[in-house]
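Input: a single structure, listed below in structure tokens.
We count ligands from 1, going down the list as the structure has it; atoms in each ligand are counted the same way.
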Amino acid sequence: MSFDFDAFFEKLDARQIKAVRNFALDKSNTFHIGGACAVAVFPKTELELCDAARLAEEYGLPIKVIGKGSNCLFYDGFIEKVIIFTRDLCEVTIDGAEALVKCGAGVSLVALSRMAADAGLGGLEFACGIPGSVGGAVYMNAGAHGGAISDILVCSRALDTESGEIVTLSAQEHGFDYRKSVYMQRENLICLGASFKLFGSPKSEIEEKMRENTQKRRDTQPIDAFSAGSYFKRPEGDAAGRLIDVCGLKGYSVGGACISQKHAGFVVNQGNATFDDVIRLEDHILKTVYEQTGVTLQREVEIIR
Ligand code: FAD
């Protein structure tokens, strides 16, 4: 099937929506792996995002939305897709009296937890070290240190690319579970923003929790390496990192992809890893862990190709 990316690109240009043809993706994700996509779009407003997505739909072009690219492994050949980056949708409104935070899908979780702390609002401390965007975090119900997005989300707003309508989804309508939400099941939904209910708390206590969480991460995770965080989901009653470790795989590498010495649940790019290196390493981990422990691990990181 051939797609008319040129016509789409020209239409965006006419509407003055920022877009780049054959955009290199390797610096736009935390794994630092990836080839080029057909068109990358950088909407500055919700309206522009909706306009671009509806237009792509009209042209029958495959779309993928990306926040910070911190839970993705991009194919390093050509990706025949329109990739819409939410990075500029970063408006935040804080209603201190109601302890309500409303924000755009592109807002960084790290920045948002900092803003909440400054406003004396607790509930986002768990997110202070998650390097994703609000949209990506809602999509996969991101969580850490015993907290998760599902604990605080009031509602999210989404563009339904099938109907072209903007819809508001209540917390219940998200069908949240461990690393699961309605956004994963319905690819036609693009999260535009979300509202969170927090609670008043002394700033010093919030900051203390954030410091503890950050320190825990520093001590146990390779946070300065190129990775997409935990590569596998947590299997029922266990931890993927522990299983990989007991199989003696810490430090095992394929090409430039390596199992972190610091945390066996992280696959890191040592600088020159290819997409295939990571996939071959993943295959080796899956096979070894299954043979030695009987557990079938499931990938958490999403492959985009
Ligand atoms: P992306 O990687 O950009 O996208 C991930 C998925 O979300 C894709 O399918 C994408 O299409 C979809 N998506 C993104 N934005 C939207 C949108 N607006 N609408 C619809 N779909 C969208 N995760 C945790 O849960 N807990 C952790 O403790 C944690 N620690 C991490 C530590 C490190 C060092 C790293 C690199 C990652 C870690 N992660 C963790 C993974 C990642 O940061 C989170 O999953 C984060 O929520 C992903 O957000 P993102 O914006 O980067 O999503």
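- Some N or O of R217 is nearer than 3.5 Å to an N or O of ligand 1, by distance alone.
- Regarding atom 4 (O) of ligand 1, its nearest protein heavy-atom neighbour is C72 SG, 3.7 Å.
- With sequence neighbours excluded, the residues that form a side chain to side chain contact (heavy atoms under 4.5 Å, CB included) with T214 are C128, R218.
- Atom 41 (C) of ligand 1 has its nearest heavy-atom neighbour, among S70, G229, G69, in S70.
- Set against the non-hydrogen atoms of A105, the atoms of ligand 1 under 4.0 Å away are 18 (N).
- Atom 3 (O) of ligand 1 has its nearest heavy-atom neighbour, among G67, S181, S230, in G67.
- Remark: minimum distance from atom 40 (C) of ligand 1 to any protein heavy atom is reached at I130 CG2, 3.9 Å.
- Looking at F74, Y139, Y178 and measuring to atom 12 (C) of ligand 1, the nearest heavy atom belongs to Y139.
- The closest donor-acceptor contact from the side chain of K197 to the backbone of E98 lies under 3.5 Å.
- Among all non-hydrogen protein atoms, the one lying nearest atom 34 (C) of ligand 1 is F266 CE2, 4.1 Å.
- The ligand atoms of ligand 1 that sit less than 4.0 angstrom from a heavy atom of T30 are 36 (C).
- Distances from atom 9 (O) of ligand 1 to the heavy atoms of H145, H263, E302, R179 put E302 nearest.
- Note: no N/O pair closer than 3.5 Å links N141 and ligand 1 by distance alone.
- The distance criterion of under 3.5 Å between nitrogen or oxygen atoms is not met by E300 with respect to ligand 1.
- Close approach to A228 involves these atoms of ligand 1, each under 4.0 Å from a residue heavy atom: 35 (C), 36 (C), 37 (C).
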Using the side-chain contact (heavy atoms from CB on, under 4.5 Å) rule, take F3 and V82 through it: C-alpha gap first, then chi angles, then the decisive distance, then the call. CA-CA 10 Å; F3 299 113; V82 171; over 6 Å; no
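- Where the criterion is an N or O separation shorter than 3.5 Å, residue side chain and backbone included, I66 fails it with respect to ligand 1.
- Looking only at heavy atoms of the protein, atom 10 (C) of ligand 1 is closest to V65 O, 3.1 Å.
- With hydrogens and angles disregarded, no donor-acceptor distance shorter than 3.5 Å links the side chain of N213 to the backbone of M210.
- A donor-acceptor contact closer than 3.5 angstrom is absent between the side chains of Y252 and T288.
- Considering backbone and side-chain atoms together, S133 places an N or O closer than 3.5 Å to an N or O of ligand 1.
- Close contacts between ligand 1 and I190 involve ligand atoms 19 (N) [criterion: under 4.0 Å to a heavy atom].
- Between Q221 and ligand 1, not a single N/O pair is under 3.5 Å apart.
- Distance from atom 15 (N) of ligand 1 to its nearest protein heavy atom, with residue and atom name: G136 N, 3.4 Å.
- Distance alone, capped at 3.5 Å, is enough to place a donor-acceptor pair between the S260 side chain and the H263 backbone.
- Between N141 and S150, the side chains place a donor N or O and an acceptor N or O closer than 3.5 Å (distance only, hydrogens not considered).
- The residue from S156, P131, A225 that puts a heavy atom closest to atom 31 (C) of ligand 1 is P131.
- Comparing G143, A144, S227 by heavy-atom distance to atom 24 (C) of ligand 1, the nearest is G143.
- For atom 18 (N) of ligand 1, the closest non-hydrogen atom on the protein side is C191 O, 2.9 Å.
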